[in-house]
K.L.:
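Here you go, one structure.
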Protein chains: 2
Amino acid sequence: MTAPDAPVIRVLLAEDQGMMRSALALLLGLEDDIEVVATVTRGDEVVPAALAARPDVALLDIEMPGSSGLDAAAELRDRLPGCRVLILTTFGRPGYLRRAMEAGAAGFLVKDGPVEELAAAIRRALAGEKVIDPALAAAALSAGASPLTDREREVLAAAVDGATISDISRRLHLSESTVRNYLSAAIGKTGTRNRIEAARAARHNGWL
Amino acid sequence: MTAPDAPVIRVLLAEDQGMMRSALALLLGLEDDIEVVATVTRGDEVVPAALAARPDVALLDIEMPGSSGLDAAAELRDRLPGCRVLILTTFGRPGYLRRAMEAGAAGFLVKDGPVEELAAAIRRALAGEKVIDPALAAAALSAGASPLTDREREVLAAAVDGATISDISRRLHLSESTVRNYLSAAIGKTGTRNRIEAARAARHNGWL
DNA sequence: GGGGTGGCAGGACATTTGTCACGGTTGGTT
DNA sequence: AACCAACCGTGACAAATGTCCTGCCACCCC
């Protein structure tokens with residue numbers, strides 16, 4: 001597969017869930033052409049750690065404290081262009097895949113299917129291939145881009161945890177009327193009946 | 001640690017997320033006193049698989065399709081009393097721990113902390129010990145039992161995905177007024193301001 | 001210049017939601 | 001028997017929510 005004395009692939013691993021993180025690090029370490037040179041648990045630790053460890057491939061979870069793996073991917077592209085980025089996530093949301101590609105990711109894996117896929121994906125990413133689940137790619141194309149404007153997305157995101165109109169208006173420095181209008185627009189565009197359904201729909205599509 | 005020719009510990013693994021499942025199976029298989037004799041991906045496959053494979057320890061995720069790992073644990077206690085149950089979950093919700101104990105579980109692990117804990121927990125469970133994170137135990141005690149009645153919980157659960165009062169009343173065959181009253185009671189008991197916050201609070205405590 | 005889109009806000013209105021007070025039934029305790 | 005808790009329902013009311021309309025400004029594109 002690889003030449004016996006090929007240089008090892010240096011991997012950065014970003015994953016907040018402890019058991020998953022250490023399991024992946026252990027398993028990847030078993031591959032003799034892969035070395036995990038850094039592991040981080042927060043999104044905002046990705047770039048500093050990458051600048052220090054100079055990995056060939058960064059394996060990033062999306063949902064992490066600090067900042068999203070998607071944001072980290074975009075920043076990595078600018079700060080460490082030679083590093084390939086693989087997104088590894090629980091949820092195969094169409095919008096996530098879209099954003100991952102826009103952030104310059106080399107691949108998009110869901111935390112399903114066997115671990116063997118992982119090492120294979122890392123090698124393929126380093127070879128310059130794009131690694132994407134075909135079914136997911138189809139879903140992302142059919143779902144289309146987010147219909148929400150930035151403000152609508154912001155307001156909807158602020159509403160998910162049960163905040164009232166006046167809470168949101170204070171948090172975003174908008175008038176209550178404006179918040180109403182944005183929420184109404186988001187409800188209309190998502191084809192739902194209230195903010196809760198709208199937020200669920202947006203989240204399901206990765207628009208949030 | 002164990003006698004060289006001690007019988008291996010037979011483990012059943014129930015976990016729906018593919019990568020986590022295969023990673024855990026692989027890592028546990030590396031321990032020479034542990035053998036993974038069955039893996040399932042759904043809650044309702046736990047008992048049949050256990051009856052066929054006769055494991056010494058069952059390692060159960062909570063959030064699974066089919067049925068909850070907590071329900072599976074309760075059923076296992078009746079159908080295969082010799083089998084120790086370890087609950088392994090993402091969320092250290094106080095109510096989950098409480099319910100796990102009531103279902104006769106031998107231990108409760110969160111998917112944080114290193115994988116090494118796992119093998120140790122399995123050995124300790126088999127030795128008859130209870131394996132519980134002390135911090136979590138304290139939280140479970142201080143949080144107290146759920147203040148919600150069965151109906152309040154049902155109505156709240158039916159409301160989380162954006163259903164309206166009339167949706168819920170149809171689904172549960174109740175009058176709209178009754179649904180209102182239960183929701184209001186749940187909001188009051190959780191000390192929140194609306195159904196969304198109430199549902200979040202209940203979910204956070206594992207009351208849902 | 002004109003046209004389109006997005007951000008922002010206000011007003012008016014119907015609907016939904018949350019609260020409260022009340023009455024009734026059932027089942028279990030003391 | 002008296003009591004309590006949970007269950008189920010009604011009616012009335014205030015507050016929050018969602019919709020629609022209007023208007024203004026800035027920006028970009030043709």
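A, B, ... follow the sequence lines: proteins, then strands. Residue 1 opens every chain.
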K.L.:
Nearest to the side chain of Leu174(B) - dC8(D), dG7(C), dT17(C)?
P.N.:
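Ranking dC8(D), dG7(C), dT17(C) by closest atom to the Leu174(B) side chain puts dC8(D) first.
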K.L.:
Give a yes or no on whether a donor-acceptor pair under 3.5 Å exists between the nucleobase atoms of dT10(D), that is its base, and the side chain of Asn181(B).
P.N.:
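Indeed, a donor on one side and an acceptor on the other fall under 3.5 Å apart.
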K.L.:
With DNA chain D as reference, determine whether Ile196(A) or Thr178(B) sits nearer its 5' end, using the nearest nucleotide of each.
P.N.:
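Looking at DNA chain D, the more 5' nearest nucleotide goes with Thr178(B).
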K.L.:
Ignoring backbone atoms, establish whether Arg195(A) has a side-chain N or O less than 4.0 Å from OP1 or OP2 of dT17(D).
P.N.:
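Answer yes for this pair, as a side-chain N or O of Arg195(A) is under 4.0 Å from OP1 or OP2.
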K.L.:
Any N or O donor-acceptor pair linking the side chain of Arg151(A) to the base of dG7(C) at under 3.5 Å?
P.N.:
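Absent.
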K.L.:
Glu176(A) has an atom CD; how far is it from atom P of dT19(D), in whole Å?
P.N.:
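Distance, rounded to whole Å: 17 Å.
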K.L.:
Relative to Phe91(B), does Arg93(B) satisfy both conditions: NZ or CZ under 6.0 angstrom from the six-membered ring centre, and within 45 degrees of the ring's axis?
P.N.:
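Flagged: Arg93(B) positioned over aromatic ring of Phe91(B).
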K.L.:
If you check the Arg180(B) side chain, which of dG18(C), dA9(C), dG18(D) turns out closest?
P.N.:
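It is dG18(C).
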K.L.:
Between Asn194(A) and Tyr182(B), who's closer to the 5' end of DNA chain D by nearest nucleotide?
P.N.:
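The residue closer to the strand's 5' end, by nearest nucleotide, is Tyr182(B).
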K.L.:
Atom CD1 of Ile187(A) to atom P of dA16(D): distance rounded to whole Å?
P.N.:
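After rounding, the gap between these two atoms is 17 Å.
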K.L.:
Check Glu197(A) with Arg200(A), please: is the shortest side-chain N to carboxylate O separation under 4.0 Å?
P.N.:
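Looking at Arg200(A) and Glu197(A), the cut-off is not met.
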K.L.:
Would you indicate, yes or no, if dC7(D) has its OP1 or OP2 atom less than 4.0 angstrom from a side-chain nitrogen or oxygen of Thr149(B)?
P.N.:
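Answer yes for this pair, as a side-chain N or O of Thr149(B) is under 4.0 Å from OP1 or OP2.
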K.L.:
Could you state the CG-P distance from Asp150(A) to dC27(D), rounded to the nearest angstrom?
P.N.:
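Going from CG in Asp150(A) over to P in dC27(D) covers 17 Å.
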K.L.:
What integer distance in Å separates Leu183(B):CG from dA16(D):P?
P.N.:
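Going from Leu183(B) (CG) to dA16(D) (P), I get 17 Å.
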K.L.:
Measure from CG on Asp167(B) to C1' on dT17(C) and round the result to the nearest Å.
P.N.:
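In whole Å, dT17(C) C1' lies 14 Å from Asp167(B) CG.
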K.L.:
Do any N or O atoms from the side chain of Ser169(B) and from the backbone of Ser166(B) form a donor-acceptor pair under 3.5 angstrom?
P.N.:
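Yes, Ser169(B) side chain to Ser166(B) backbone: donor-acceptor pair under 3.5 Å.
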K.L.:
Once you apply a heavy-atom cut-off of 4.0 Å, does Ser166(A) come out as touching a base, just sugar-phosphate, or nothing?
P.N.:
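No contact.
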K.L.:
From the options dG10(C), dG18(C), dT17(C), select the nucleotide whose nearest atom is closest to the side chain of Ser184(B).
P.N.:
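Among dG10(C), dG18(C), dT17(C), the one nearest the side chain of Ser184(B) is dG18(C).
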K.L.:
Find the distance between OG1 (Thr164(A)) and CD (Glu176(A)) and round it off to the nearest 0.5 Å.
P.N.:
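Rounded to the nearest 0.5 Å, the OG1-CD separation comes to 7.5 Å.
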K.L.:
What's the CG-P distance between Leu172(B) and dC8(D), to the nearest Å?
P.N.:
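Taking CG of Leu172(B) and P of dC8(D), I get 9 Å after rounding.
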K.L.:
State whether the number of non-hydrogen atoms from other residues, nucleotides or ligands found under 6.0 Å of Arg203(A) atom CZ is greater than 12.
P.N.:
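Atom CZ in Arg203(A) is not packed in, count stays at 12 or less.
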K.L.:
Looking for any heavy atom pair under 4.0 Å, which part of the strands does Ser175(A) touch: base, sugar-phosphate only, or nothing?
P.N.:
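Sugar-phosphate contact only - Ser175(A) comes under 4.0 Å of backbone atoms but never of a base.
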K.L.:
May I have the distance from Ile168(B) (atom CD1) to dC8(D) (atom C1'), rounded to whole angstrom?
P.N.:
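For the pair Ile168(B) CD1 and dC8(D) C1', the rounded distance is 16 Å.
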K.L.:
What is the distance, rounded to the nearest whole Å, between atom CD1 of Ile165(A) and atom C1' of dA9(C)?
P.N.:
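Nearest whole value for this atom pair: 14 Å.
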